[in-house]
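Step one of this worksheet: look at the structure below.
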Amino acid sequence: MTLLTHPLRIALAPLLAALVLAGCATAPAIDPAALPSAPAAFKEGDGRWTQALPVQAQTDGAWWKAFSDPVLDRLVERALERNNSIQIAAARLAQSRALLQATDSQRLPQVGVGADVTRQGGAITPAGGGAGNLLRAGANFSWELDLFGRLSQASKAASLDADSREALLRNARLVVQADVARSYLALRALDAERALVRETVGAYRDTLALTERRFEAGDIAELDVARVRTELAATESDALALDRRRAEVEHALAVLVGDAASDFGLGAGDWNTVLPVIPAGVPSTVLTRRPDIDAARQSMLAAQTRVGVAQAAWFPDIALTGSGGFASTELGELFKWSARSWGIGALLSLPIFDGGRRDAGVRNANAELDAALAGYREQVLVAFKDVEDQLSALRLLAEQGEAQARAVTSASRATVLSDVRYRNGLVSQLELLDARRSELRNRREALQVRSAQYQATVGLVRALGGGWERDEGLALGGRAAAASTGG
């Protein structure tokens with residue numbers, strides 16, 4: 001083997017030293033203890049639910065179709081096409097993909113063509129010190145060698161950012177779907193409550209007519225008429241308040257589907273929407289389908305990779321350059337074979353002193369990684385909280401609904417008996433009014449409990465990432481383990 005000459009060894013020493021240090025520019029591993037862990041099952045779903053299959057469960061992601069409401073289906077599909085939040089998220093994804101392409105381009109050779117003319121003087125000119133023109137035309141080539149992984153890691157970080165944006169787009173779609181479903185179901189619940197209150201208004205008007213006849217006949221005092229009129233006016237006021245609330249919900253629904261509130265209208269309808277039943281024992285691993293968790297994980301991995309990018313800034317940059325073309329002092333001689341010119345070279349730059357800029361960059365990247373890791377843990381904890389909230393809400397609302405149904409039955413019976421006794425003159429008007437107030441209150445509360453069940457069901461579907469099938473999704477622990485290796 002021929003030994004390198006002394007000058008060549010000196011010239012290559014910085015490059016050889018840099019190659020030895022290249023392995024140091026790697027992203028740090030994440031401590032598995034710092035990653036979130038997943039319980040085997042939810043506390044609220046452990047032995048407290050009746051096993052049942054969801055009604056018309058969808059496996060294609062169209063979870064809202066389990067409610068079997070064509071109007072809801074149309075509204076969700078319209079929102080997916082026109083909602084502005086979804087369009088903003090889609091634009092952010094396109095932007096991140098463009099940034100990824102720009103980052104990837106730095107790893108490829110750069111080729112360009114150009115031409116220039118200069119007038120210069122001095123010893124380098126053919127005139128021997130006099131001024132002269134120099135014309136050049138040709139192509140140039142440059143390629144930065146990614147020996148230390150800085151460019152590849154920057155490209156990987158940009159790819160992870162794009163994956164995070166894609167997950168945020170899926171999350172925007174899920175949020176809009178859930179908001180449309182909740183708003184529509186709230187609208188139908190208000191329609192049912194408005195119909196109930198207006199029915200009560202009609203009953204009070206009948207009672208008022210009867211009371212006025214009895215007052216004119218001298219059977220009762222004017223005080224009884226005033227009491228019925230008071231109840232009628234108060235109930236009419238409640239009906240108007242429900243109208244106002246419905247208008248607000250309808251306007252919010254218009255924004256979700258991308259329409260102006262002035263141009264959007266949804267007439268009153270019957271509340272016939274099916275209430276899906278989430279099966280018992282939904283495993284905690286279904287949370288891995290949640291797009292917000294996926295986005296947080298991808299952001300954490302991108303921050304992890306950028307630590308390696310910041311560390312690689314300490315190592316030298318090595319670039320190969322080349323050029324070829326023609327150069328001449330006369331325009332007519334420029335493209336002759338005798339005027340050809342070329343050059344090749346290599347550029348090595350090694351940072352020595354930068355006032356602490358690179359060290360600050362490494363510390364900043366590590367701080368961003370710590371923040372991203374904490375954000376990932378927080379997102380997972382919030383996800384489990386969301387599911388537990390909705391599971392407990394559904395369990396307690398089911399029990400509350402049964403109790404409220406018994407209260408409605410008793411209140412209705414009390415109203416019937418009081419009305420008969422009042423018409424026969426056996427009881428005072430106060431007893432009848434009190435019975436009707438009690439029935440109306442209990443019926444409205446029953447509707448509100450039913451509405452809360454629908455809202456909690458939509459909330460649970462959203463908390464589970466848009467579905468509840470048992471066989472979907474990977475284990476959260478497995479994905480977290482992959483995060484520690486950057487995989």
Side-chain angles (χ1 to χ4, degrees), residues 27 30 61 76-112 142-144 146 149-180 255-260 288-313 317 357 360-362 364-380 382-383 462 465-466 479 482-483 486-487:
I30 298 176
V76 172
E77 291 167 2
R78 189 174 177 183
L80 290 175
E81 295 176 357
R82 304 178 58 182
N83 182 267
N84 291 292
S85 296
I86 295 177
Q87 294 178 6
I88 291 172
R92 294 285 182 262
L93 174 59
Q95 182 183 29
S96 65
R97 286 174 174 169
L99 291 175
L100 171 60
Q101 183 179 1
T103 305
D104 281 339
S105 68
Q106 299 178 17
R107 304 171 62 186
L108 301 174
Q110 308 295 309
V111 180
S142 65
W143 181 29
E144 183 176 351
D146 191 22
R150 181 178 64 83
L151 297 179
S152 61
Q153 291 190 82
S155 179
K156 179 181 178 182
S159 177
L160 289 168
D161 283 337
D163 291 342
S164 177
R165 287 293 183 182
E166 186 176 2
L168 289 176
L169 174 59
R170 297 198 308 271
N171 187 65
R173 291 194 182 106
L174 176 59
V175 169
V176 169
Q177 292 164 4
D179 287 347
V180 169
V255 174
L256 288 171
V257 300
D259 284 348
T288 57
R289 88 178 75 202
R290 277 183 58 137
D292 55 347
I293 290 181
D294 190 27
R297 175 180 173 272
Q298 300 294 345
S299 296
M300 178 192 68
L301 295 178
Q304 179 191 22
T305 305
R306 286 196 173 90
V307 175
V309 176
Q311 291 174 344
D317 293 332
R357 178 173 60 85
V362 173
N364 178 69
N366 279 307
E368 289 184 354
L369 174 58
D370 292 339
L373 179 58
Y376 178 43
R377 289 197 305 267
E378 181 71 13
Q379 200 67 44
V380 172
V382 169
R462 176 182 171 182
R479 299 190 72 178

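Listed here is the closest heavy atom pair of M300 and L369: O-CD1, 3.7 Å. Here the closest non-hydrogen pair linking T305 and Q153 is CG2-O, 3.1 Å. Between A154 and V309 the shortest heavy-atom distance is N-CG2, 3.4 Å. Closest approach of A158 and T103 over heavy atoms only: CB-OG1, 3.9 Å. Scanning all heavy atoms of the two residues, the minimum distance from A79 to V180 falls at CB-CG2, 3.8 Å. Smallest separation of non-hydrogen atoms from G466 and L174: CA-CD1, 3.8 Å.
A distance of 9.5 Å separates CG in L93 from CG in L168, rounded to the nearest 0.5 Å. Here the CZ-CD distance, from R297 to Q379, works out to 14.0 Å after rounding to the nearest 0.5 Å. L80 CG to Q177 CD: the interatomic distance, rounded to the nearest 0.5 Å, is 5.0 Å. Rounding to the nearest 0.5 Å places CG of L99 at 12.5 Å from OG of S159.
Under a 3.5 Å cut-off, the side chain of S164 and the backbone N or O of L160 do not form any donor-acceptor pair. The backbone N or O of V362 sits less than 3.5 Å from a side-chain atom of N366, completing a donor-acceptor pair. Not a single donor-acceptor pair under 3.5 Å links the side chain of S155 to the backbone N or O of S152. Judged by distance alone, with hydrogens and angles left aside, the side-chain atoms of Q298 form no donor-acceptor pair with the main-chain N or O of A296 at under 3.5 Å.
K156 places none of its side-chain heavy atoms less than 4.5 Å from the side chain of L301. Side-chain atoms of R97 and E166, non-hydrogen and from C-beta on, do get closer than 4.5 Å to each other. L100 places none of its side-chain heavy atoms less than 4.5 Å from the side chain of D161. Counting heavy atoms from C-beta on, the side chains of L108 and W143 never come closer than 4.5 Å. When side chains are defined from C-beta on, R150 counts as touching D317, because their heavy atoms get closer than 4.5 Å. Side-chain contact between L151 and E144 is present, with heavy atoms from C-beta onward closer than 4.5 Å.
Checking V257, N84, N171, N83 one by one against V176, the side-chain contact (heavy atoms from CB on, under 4.5 Å) holds for a single residue, N83.
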query: What's the verdict on side chain to side chain contact (heavy atoms under 4.5 Å, CB included) for D259 and R82, showing C-alpha distance, side-chain angles and the deciding distance?
result: CA-CA 8 Å; D259 284 348; R82 304 178 58 182; 2.8 Å; yes
> Could you go step by step and tell me if R462 and D292 meet the salt bridge (Lys or Arg N to Asp or Glu O under 4.0 Å) rule?
Replying inline: CA-CA 11 Å; R462 176 182 171 182; D292 55 347; over 6 Å; no
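Atom CZ of R78 is surrounded by more than 12 heavy atoms from other residues, nucleotides or ligands within 6.0 Å. When the shell of 6.0 Å around CD of Q87 is examined, it contains more than 12 heavy atoms from other residues, nucleotides or ligands.
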